[in-house]
Colleague: 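Quick one: structure below, then a few questions.
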Amino acid sequence: MTDSDRVAEFLTEKLQDAGRQYEQARRAFSEARLAARADLPTEDGKVRIVCRRHAEKRAVELDSSARPACFEAGHPDCEGCVEDIEDGCIETW
């Protein structure tokens with residue numbers, strides 16, 4: 001392997017690392033913005049809610065519609081959870 005090949009490989013690796021770090025930062029910012037919009041406490045970019053369906057504390061991500069990642073359409077507890085988030089009365093920890 002020539003020096004120019006090593007340099008090219010090194011640069012490629014560093015650019016890929018930078019891209020991954022950028023994506024992580026972008027995702028964390030987006031999640032924090034959603035959580036702030038819903039005015040919920042966060043932990044590592046995830047909202048801290050008490051799951052109505054499983055009756056347990058969870059730290060979950062919100063999607064673009066401010067629904068928890070564990071949301072299941074049509075399930076009454078999940079639907080109620082989303083309504084509580086929208087109304088600002090979801091139980092948190």
Side-chain angles (χ1 to χ4, degrees):
M1 182 179 276
T2 66
D3 285 343
S4 62
D5 289 342
R6 286 187 196 121
V7 169
E9 185 178 322
F10 174 79
L11 290 175
T12 300
E13 183 181 312
K14 292 303 174 185
L15 286 172
Q16 288 173 342
D17 288 345
R20 279 190 286 275
Q21 288 176 354
Y22 171 78
E23 180 58 27
Q24 289 173 345
R26 188 194 64 76
R27 190 178 310 122
F29 177 78
S30 177
E31 291 166 359
R33 186 176 33 164
L34 282 171
R37 187 174 71 195
D39 195 30
L40 298 171
T42 61
E43 176 179 285
D44 297 326
K46 298 178 180 181
V47 295
R48 297 183 313 177
I49 62 172
V50 176
C51 176
R52 290 174 62 165
R53 183 175 183 180
H54 299 285
E56 66 184 16
K57 295 177 182 179
R58 290 190 171 184
V60 295
E61 296 177 356
L62 295 180
D63 67 11
S64 60
S65 300
R67 294 180 306 212
C70 56
F71 175 77
E72 184 179 316
H75 193 283
D77 287 336
C78 292
E79 298 287 344
C81 181
V82 170
E83 290 172 10
D84 287 351
I85 290 173
E86 291 171 356
D87 294 341
C89 62
I90 186 94
E91 187 176 349
T92 62
W93 53 280

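All of these numbers come straight from a predicted model, not from anything done at the bench.
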Colleague: If you look at every heavy atom in D17 and R20, which pair is closest and at what distance?
Modeller: OD1-NH2, 2.6 Å

Colleague: Verify the cluster assignment for V60 and V50: are they in a single hydrophobic cluster under the rule of side-chain heavy atoms below 4.5 Å apart?
Modeller: no

Colleague: To the nearest 0.5 Å, how far apart are SG in C70 and CZ in R53?
Modeller: 8.5 Å

Colleague: Salt bridge between R27 and E61, side-chain N to carboxylate O under 4.0 Å?
Modeller: no

Colleague: Could you tell me whether a side-chain N or O of R48 sits under 3.5 Å from a main-chain N or O of T92, the two making a donor and an acceptor?
Modeller: no

Colleague: Mind checking the CZ-CD spacing from R52 to E83? Nearest 0.5 Å is all I need.
Modeller: 7.5 Å

Colleague: Can you tell me how far CZ of R67 sits from CD of E79, rounded to the nearest 0.5 angstrom?
Modeller: 9.0 Å

Colleague: Mind listing the closest non-hydrogen atom pair of P68 and I49 along with its distance?
Modeller: CG-CD1, 4.0 Å

Colleague: What is the distance from atom CG of L40 to atom CG of D84, rounded to the nearest 0.5 Å?
Modeller: 10.5 Å

Colleague: For the residue pair I90 and C81, what are the closest heavy atoms and their distance?
Modeller: CD1-SG, 3.4 Å

Colleague: Closest approach of A59 and E43, non-hydrogen atoms and distance?
Modeller: CB-OE2, 4.1 Å

Colleague: Which pairs of donor and acceptor atoms, one on a side chain in residues 3-15, lie under 3.5 Å apart (sequence neighbours left out)?
Modeller:
unit_1: D3; atom_1: OD1; unit_2: R6; atom_2: NH1; d: 3.0
unit_1: S4; atom_1: OG; unit_2: T2; atom_2: OG1; d: 3.1
unit_1: D5; atom_1: OD2; unit_2: T2; atom_2: OG1; d: 3.2
unit_1: R6; atom_1: NH2; unit_2: M1; atom_2: O; d: 3.2
unit_1: T12; atom_1: OG1; unit_2: A8; atom_2: O; d: 2.8

